There are 2 protein chains.
Amino acid sequence: MDVPRLVDHDRRRAELGEAAIRIILREGLAGVTVRGVAAEAGWSTGSLRHYFSNQHALQAYVVQATADTLRRRVLPRAQRPRTGGSVVEQVATIVEEMLPLDDERREEYALWSAIVEWERLHPQEEGSVSWNDQRALHRQCIAALRGHEPVRDPGQATAPHPDAEVELWAALLHTFVDGLAAQLMNTPSQVSAGTAGHLLRSLLRAVPRPEQPAHHTEVESPPQG
Amino acid sequence: MDVPRLVDHDRRRAELGEAAIRIILREGLAGVTVRGVAAEAGWSTGSLRHYFSNQHALQAYVVQATADTLRRRVLPRAQRPRTGGSVVEQVATIVEEMLPLDDERREEYALWSAIVEWERLHPQEEGSVSWNDQRALHRQCIAALRGHEPVRDPGQATAPHPDAEVELWAALLHTFVDGLAAQLMNTPSQVSAGTAGHLLRSLLRAVPRPEQPAHHTEVESPPQG
DNA sequence: CGCGTGCTAACACGCCCGTGCTAGCATGTT
DNA sequence: AACATGCTAGCACGGGCGTGTTAGCACGCG
């Protein structure tokens with residue numbers, strides 16, 4: 001026993017994941033079948049089932065692998081330091097890294113939507129994949145609105161933020177970005193990339209900032225529900 | 001020939017539509033199969049195919065019937081006149097009629113999402129169903145922000161609006177509402193109904209209005225893309 | 001009453017699916 | 001060189017799907 005492995009299981013699984021991602025982009029998450037993924041990767045179904053006993057196990061792995069791929073692709077772009085331009089422009093370029101404004105980001109957003117859909121249909125899995133990423137986007141919005149570097153995760157996610165107004169506007173921006181992304185994906189004929197940029201910057205200009213306190217919004221309670 | 005009909009075809013089609021809506025709510029649009037709808041309605045597949053030759057014809061009809069059902073349910077609620085409360089509160093209650101804040105409106109939003117999904121997958125159909133409803137929501141937002149009754153459709157959809165700022169904020173509100181609805185559906189544990197209400201009202205309070213021109217947003221171009 | 005037409009039900013075909021199973025191949029060890 | 005074990009390929013079964021076809025039923029009309 002304990003014979004040295006002949007193949008690298010992790011490498012094989014990663015190959016399967018890449019094939020599955022290609023299928024998701026072509027046919028959506030419902031197209032991720034045992035037979036389909038095996039054919040896309042050039043294998044037989046029996047070989048695939050040596051690594052994933054179930055379709056469920058396959059899809060769960062694919063969701064995880066896709067989330068990892070997205071993190072590696074999107075986060076560095078969003079966290080790249082911005083120096084030039086106004087605060088509005090800096091925040092806009094950060095947010096635009098996550099919006100489906102071109103084919104590459106449309107691909108990324110389609111993959112992200114597939115993950116969210118999968119987790120909506122399978123809510124009992126231990127440890128939601130998208131939750132941490134949602135928090136990361138949230139923190140990114142907060143940090144961007146402050147004009148600071150992203151805050152390290154304090155570990156206490158529900159603790160009230162020191163600046164309730166910034167927290168509120170981060171939540172508003174987060175929601176707005178979700179809507180903008182949905183409109184760009186679902187009704188691209190009505191909301192083009194240029195329109196999205198205009199809308200985003202218009203909203204950002206409406207955000208009250210300390211150095212420009214022209215508009216006061218009465219904050220009643222923190223937006224965490 | 002021209003023998004009087006023995007059954008009311010429209011009535012039968014409507015029965016099929018209701019059965020299909022139940023299936024959409026249970027299993028999504030992908031569950032709308034010829035066999036499944038026939039079984040849900042208590043028919044045989046042969047009978048169903050007497051009314052719809054294709055699965056495509058069935059689904060196209062179901063999408064249309066669902067859109068009609070939604071219009072009859074949602075539009076009267078949204079267009080009900082608001083008298084009491086501030087403008088923010090009036091607009092909030094209008095918008096909330098379209099948000100998935102309880103089980104009934106979650107059902108409605110799930111049906112609406114199915115329609116949008118279907119039209120995204122079949123873009124070549126003559127006359128998009130959701131386009132007119134998107135315009136209706138857009139006009140509703142504009143009218144609500146103005147505090148007026150809904151404007152009649154001028155027939156010239158791309159004509160620039162007289163008040164560019166209202167048009168801009170209507171588009172921003174529309175996008176924000178889309179994002180809020182998506183968050184309520186996809187991540188209800190993070191965005192509850194109460195949170196959604198707070199966020200919506202916070203955004204509405206930030207909208208500059210003629211009687212409260214405390215904040216000036218530099219409008220550069222109309223948001224139509 | 002008998003007939004024709006509209007409607008219904010059921011079956012058949014081919015395809016794709018998940019999954020269990022088994023014979024064969026390749027490789028590291030003895 | 002021979003073996004044992006991990007891996008591969010392929011088949012088989014049962015089920016769901018869309019769709020074409022066909023036999024049978026019900027009703028209105030002559």
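Quick caveat: nothing in here was measured; it's all calculated off a predicted structure. When reading the values below, keep in mind they use all heavy atoms of this one structure, side chains included, and skip hydrogens, waters and symmetry mates. So that the names make sense, note that chain A is the first sequence line, chain B the second, and so on, each numbered from 1.
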Nucleotide by nucleotide, nucleotides 11-18 of chain C touches protein heavy atoms under 4.0 Å in the pattern (B base, S sugar-phosphate only, - none) -B----BB
May I have the distance from [X] (atom [atom1]) to [N] (atom [atom2]), rounded to whole angstrom?
{"X": "A/R13", "N": "D/dC7", "atom1": "CZ", "atom2": "P", "value": "10 Å"}
{"X": "B/H50", "N": "D/dG24", "atom1": "NE2", "atom2": "P", "value": "17 Å"}
{"X": "B/H56", "N": "D/dT19", "atom1": "NE2", "atom2": "C1'", "value": "16 Å"}
{"X": "B/I23", "N": "D/dG16", "atom1": "CD1", "atom2": "C1'", "value": "14 Å"}
{"X": "B/E40", "N": "D/dG16", "atom1": "CD", "atom2": "C1'", "value": "17 Å"}

Less than 4.0 angstrom between a side-chain N/O of [X] and OP1 or OP2 of [N], yes or no?
{"X": "B/H9", "N": "C/dC7", "answer": "yes"}
{"X": "B/S44", "N": "C/dT8", "answer": "no"}
{"X": "B/Y51", "N": "C/dT8", "answer": "yes"}
{"X": "B/R12", "N": "C/dG6", "answer": "no"}

Mind checking what makes side chain to side chain donor-acceptor pair (under 3.5 Å) contact with [X], not counting sequence neighbours?
{"X": "A/D68", "value": "A/R71"}
{"X": "A/R201", "value": "A/E89, A/E96"}
{"X": "A/R13", "value": "none"}

> With a cut-off of under 6.0 Å to the ring centre and 45° to the axis, is A/R12 in cation-pi contact with A/W43?
Replying inline: yes
Quick note, side chain to side chain donor-acceptor pair (under 3.5 Å) partners involving residues 23-38 of chain A, not counting sequence neighbours, are A/R26-A/E40
Residue pairs passing the salt bridge (charged side-chain N to carboxylate O under 4.0 Å, His left out) test with at least one member in residues 180-198 of chain B, sequence neighbours excluded, are none
